Undergrad: 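Structure provided below as structure tokens; questions to follow.
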Amino acid sequence: MHQKFSHRAQVLKSSAIREILKVTEQPDIISFAGGLPAPDAFPLTEIKTATDTVLQSKDIYGALQYGPTEGYAPLRQWIADYLSARDQTAVKPAQVLIVTGSQQALDLIGKMLIDSDDKVLVETPTYLGALQAFNQYAPEYIAIESDSDGLKPETISDDVAAEAKFLYTIPNFQNPTGRRLTESRRQTLVAKAKHNHLILVEDDPYGDLDYQGHRLPCLYSLAPENTIYLGSFSKILTPGLRLGFIVASEQFISKLVQLKQAADLHTPSLTQYIAYQVLSKNNFLTHHIPKIREIYAKRCQYMLDSLKRYMPRQVHWNQPEGGMFIWVELPENINATELLSDAISQKVAFVPGETFYAHAEKTNCFRLAFVTVPEEKIERGIKILAEMINHRIHHLQEKTVMM
């Protein structure tokens, strides 16, 4: 039978990362592909205790019942209080919407703001999941130049800023590059946004993962009237809870609530109750986040040491100050997607960089995720990749000499 898919459904493509992750389910694969938080950082005891508390409480029926679209009120209050204290910027519970993971937030924002052919500004490169969410609404992407210090706000002309529906950015330890936007560039960006009435969509799942615990001011704290802030509990609790949140003006939240009502009515009540029980006890994040930082910093440094030890001098990479990713750049004539096919045959996986570009600008780069990989596998995997890259460099050099 011929399936009468909508045009929107027909143009959808599977996530390149999700397809790669199917391969990495094989137990003998050393996977640097998935941007997954480390399971050994999950607060298992606290989640179990919180679940038991919720299931034995007088409010058990509330946890198992339909709930308000805006989210569980005590959790929204906790988020408002936490952000207000952390960022020294007043946030009210009415400005908080609980969503089913921040990926849903991206979809709702796309529905709310994008009409076909609207201009949307994105970093170069940018998060693949955001492109997938926004692609459904057929925007025209304008790629903003970036370097080791993040996006370059001075390259955004006033005309482009004024015409764009919004700018999407991950200022802290960006996915895929691991870069962090400098404080001076944050100031320049928000000044440009205010001058041109540009909406900033600030995606911040990694901001708490600074290895030294030195958090830079979020864009929302610098320009709350211009910013829609996305937060997530996936990286600081566990992704299986599927909990994220949006902080924005009450006008934006009201419209997003209407869109979420049509999408899924509300985020699951039980996971919201459990998360609140964990977060609200004994300043939980004050003790837990430093543990995550310690694990991630150690594995990051081990990968950096392995890259330095084995990679040929023609290969370059960044030195992340936090987060979960290292961005690797190869000589221009080496295609990372072609390299991946050979790497998988050698039981190593990564994500080619071209999937993170709105306009597929570069093919000689790739993303390495390190936090779920034991140290001995990090060294072995990097050594395998280095040998393959070295072989390609020598082969290309020989071809050049023969020509």
Side-chain angles (χ1 to χ4, degrees), residues 13 15-21 23-24 30-35 122-132 141-152 155 170 173-180 300 303-304 306-320 323-370 373 378 381-403:
K13 296 180 180 179
S15 164
I17 297 176
R18 289 286 157 185
E19 293 303 310
I20 293 170
L21 288 179
V23 175
T24 65
I30 299 174
S31 177
F32 303 131
V122 294
E123 298 167 306
T124 308
T126 192
Y127 172 47
L128 172 60
L131 295 177
Q132 284 189 296
Y141 292 115
I142 298 177
I144 305 304
E145 291 182 37
S146 302
D147 60 18
S148 59
D149 290 329
L151 70 84
K152 300 167 72 172
T155 66
I170 305 177
F173 316 119
Q174 192 230 28
N175 185 355
T177 64
R179 299 165 180 162
R180 177 159 63 167
C300 179
M303 180 172 278
L304 290 172
S306 297
L307 288 165
K308 184 177 180 180
R309 184 177 303 118
Y310 296 113
M311 282 292 174
R313 60 178 177 78
Q314 297 93 331
V315 179
H316 304 282
W317 55 90
N318 62 322
Q319 307 273 330
M324 301 166 56
F325 308 110
I326 294 174
W327 186 247
V328 179
E329 296 198 358
L330 304 169
E332 289 189 5
N333 47 7
I334 296 181
N335 186 300
T337 301
E338 295 173 2
L339 179 68
L340 174 64
S341 298
D342 291 344
I344 288 175
S345 70
Q346 297 294 319
K347 305 299 184 181
V348 180
F350 57 84
V351 183
E354 65 180 306
T355 59
F356 298 101
Y357 287 89
H359 304 301
E361 289 99 334
K362 295 186 71 173
T363 60
N364 65 318
C365 45
F366 59 88
R367 188 192 77 178
L368 295 173
F370 48 82
V373 189
I378 288 176
I382 294 300
K383 186 177 180 181
I384 291 170
L385 288 178
E387 289 171 352
M388 297 174 65
I389 293 167
N390 216 7
H391 175 75
R392 277 168 168 72
I393 291 173
H394 287 313
H395 179 68
L396 290 168
Q397 288 173 342
E398 289 174 359
K399 286 181 63 175
T400 301
V401 171
M402 291 176 62
M403 292 174 63

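Bear in mind the structure is a predicted one, so any value in this text is a computation, not a measurement.
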Undergrad: What donor-acceptor contacts under 3.5 angstrom involve side-chain atoms of residues 306-315, with partners at least two apart or in another chain?
TA:
from	atom 1	to	atom 2	distance (Å)
S306	OG	Y302	O	3.0
R309	NH1	E379	OE2	3.4
Y310	OH	E379	OE2	2.7

Undergrad: Does the side chain to side chain contact (heavy atoms under 4.5 Å, CB included) test come out yes or no for L304 and W317, once each step is laid out?
TA: CA-CA 9 Å; L304 290 172; W317 55 90; 3.7 Å; yes

Undergrad: Out of V328, L368, D342, which residue meets the side chain to side chain contact (heavy atoms under 4.5 Å, CB included) rule with L385?
TA: L368

Undergrad: Does atom CD of E145 have more than 12 heavy-atom neighbours, drawn from other residues, nucleotides or ligands, at distances under 6.0 Å?
TA: no

Undergrad: Would you call Q174 and L151 a side-chain contact if the rule is heavy atoms closer than 4.5 Å?
TA: no

Undergrad: Can you say whether the rings of F366 and F350 are parallel (under 30°), tilted (30 to 60°) or perpendicular (over 60°)?
TA: tilted

Undergrad: Please lay out, stage by stage, how F356 and T177 fare under the test side chain to side chain contact (heavy atoms under 4.5 Å, CB included).
TA: CA-CA 10 Å; F356 298 101; T177 64; over 6 Å; no

Undergrad: Over 60° means perpendicular and under 30° means parallel, so tell me whether H359 and Y141 are parallel, tilted or perpendicular.
TA: perpendicular

Undergrad: For I384 and K347, what are the C-alpha separation, side-chain angles and deciding distance, and is it a side chain to side chain contact (heavy atoms under 4.5 Å, CB included)?
TA: CA-CA 9 Å; I384 291 170; K347 305 299 184 181; over 6 Å; no

Undergrad: Are side-chain heavy atoms of P320 and F325 found at a separation under 4.5 Å?
TA: no

Undergrad: Decide yes or no on side chain to side chain contact (heavy atoms under 4.5 Å, CB included) for T155 and I144, but give the supporting numbers first.
TA: CA-CA 7 Å; T155 66; I144 305 304; 3.7 Å; yes

Undergrad: Let me confirm one number: the OG1-CG distance from T363 to L339, rounded to the nearest 0.5 Å.
TA: 11.0 Å

Undergrad: Going by salt bridge (Lys or Arg N to Asp or Glu O under 4.0 Å), name the residues that satisfy it together with D149, two or more places apart in sequence or in a different chain.
TA: none

Undergrad: Are any of the side-chain heavy atoms of N318 and I326 separated by less than 4.5 Å?
TA: yes

